[in-house]
Amino acid sequence: MVTSRSTAAARPDGASLRRRGPVLERAILEAALDQLSSVGWNGLTMEGVAVGAQTGKAAVYRRWPSKEDLVADALQAGLPTLDEAPDLGRVRDDLYELCLRVRDIMYSKPGFALRAVLHECDAGSAERFHGLITTGVVEPSARLVRDVLRRGIARGEVRADANDDLVVDVIPAMMMYRSKVCASEWSDGEIADLIDRIMVPLLRP
């Protein structure tokens with residue numbers, strides 16, 4: 001008698017599993033993130049996603065009629081959220097901890113997937129993701145930086161006029177520039193330098 005374990009082991013790669021509804025949808029979205037983080041936007045295909053999810057191509061197209069639709073849902077479902085700003089008692093420590101969290105998201109699987117979209121999409125495709133990037137990445141990170149600066153102002157660590165758009169953009173702009181343009185990683189020491197050599201002098205009363 002063949003057991004379920006041996007049946008699973010004997011199943012060839014790419015064979016369809018009997019899954020439906022949310023379970024199948026999660027598998028497809030996860031496969032899309034895998035594809036984006038490994039082969040990038042240009043290399044991602046609906047056929048490749050179907051193989052990765054071990055389902056049929058028709059099951060993917062029934063739910064997502066285009067590659068853009070699938071990737072948008074995969075990013076929205078997979079990107080971690082930044083809910084609260086660190087509150088360690090000093091603006092320097094809060095910004096450092098916040099940068100560590102942002103870096104971890106940038107180098108997570110969904111983060112690599114998002115970077116692949118930003119790096120490789122043409123203008124038409126990129127427009128499809130503009131709202132997602134704004135609401136899922138840009139606005140939450142700016143809100144948390146503002147929260148840190150607001151507390152720093154209240155404690156007298158930060159000058160009162162520092163909580164403006166240009167100052168708030170410094171950290172995400174630096175981190176994205178290094179990542180996207182220079183293709184370099186952010187070590188703990190480089191994050192500390194960013195805070196100590198740029199942000200602290202910029203914010204000081």
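The shown structure was predicted, so the numbers you read here are calculated from the model rather than taken from an experiment. Side chains are part of it too, since the values below use all heavy atoms of this structure and drop only hydrogens, waters and symmetry mates.
- Annotation for P86 and L98: closest pair CG-N, 3.7 Å, computed over non-hydrogen atoms.
- Atom OG1 of residue T55 and atom CD1 of residue I28 lie 5.5 Å apart, to the nearest 0.5 angstrom.
- Note that the SG atom of C99 and the CG atom of L144 stand 11.0 Å from one another [nearest 0.5 Å].
- Of all the heavy atoms in W41 and K67, the pair that sits closest is O-NZ, 2.6 Å.
- Surrounding CD of Q76 are at most 12 heavy atoms belonging to other residues, nucleotides or ligands under 6.0 Å away.
- Nearest heavy atom pair, residue L114 against residue L75, reads N-CD2, 3.7 Å.
- From L33, atom CG reaches atom CD of E30 across 5.5 Å, with rounding to the nearest 0.5 Å.
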Query raised in the report: Going through the distances and angles, do V91 and R151 end up as a side-chain contact (heavy atoms from CB on, under 4.5 Å)?
Result: CA-CA 8 Å; V91 70; R151 288 199 299 262; over 6 Å; no
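- Residues W186 and Y107 approach most closely at N-OH, 3.6 Å, considering heavy atoms.
- Looking only at side-chain heavy atoms (C-beta outward), M175 and P172 stay at 4.5 Å or farther from each other.
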Which donor-acceptor pairs under 3.5 Å do the side chains of residues 192-199 make with protein atoms, sequence neighbours left out?
unit_1: D196; atom_1: OD1; unit_2: R92; atom_2: NE; d: 2.8
unit_1: D196; atom_1: OD2; unit_2: R92; atom_2: NH2; d: 3.1

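- With salt bridges taken as basic N to acidic carboxylate O contacts below 4.0 Å, none links D104 and R101.
- Side-chain contact between I191 and L100: present, with at least one pair of heavy atoms (C-beta onward) separated by less than 4.5 Å.
- In plain terms, the two heavy atoms of A31 and G52 that are nearest each other are CB-C, 3.8 Å.
- Residues W64 and V71 fail the side-chain proximity criterion, which asks for heavy atoms closer than 4.5 Å.
- We find the CE-CD distance between M46 and Q35 to be 11.0 Å, quoted to the nearest 0.5 Å.
- Cluster annotation: V145 and L202 are assigned to the same hydrophobic cluster (Ile/Leu/Val/Met/Phe/Trp/Tyr, side-chain heavy-atom contacts under 4.5 Å, transitive).
- L149 is not listed as a side-chain neighbour of R159, based on a closest heavy-atom distance of 4.5 Å or more.
- The two residues A162 and V167 make their nearest non-hydrogen contact at O-CB, 3.1 Å.
- No option in D169, D164, D165 other than D165 meets the salt bridge (Lys or Arg N to Asp or Glu O under 4.0 Å) test with R146.
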Report task. Step by step, work out the side-chain contact (heavy atoms from CB on, under 4.5 Å) result for L70 and R63. Result -> CA-CA 8 Å; L70 172 58; R63 293 162 173 81; over 6 Å; no
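- Residue V148 is not grouped with residue L88 when hydrophobic side chains (ILVMFWY) are merged at heavy-atom distances under 4.5 angstrom, including chains of intermediate members.
- Contact check for L203 versus L95: side-chain heavy atoms found under the 4.5 Å cut-off.
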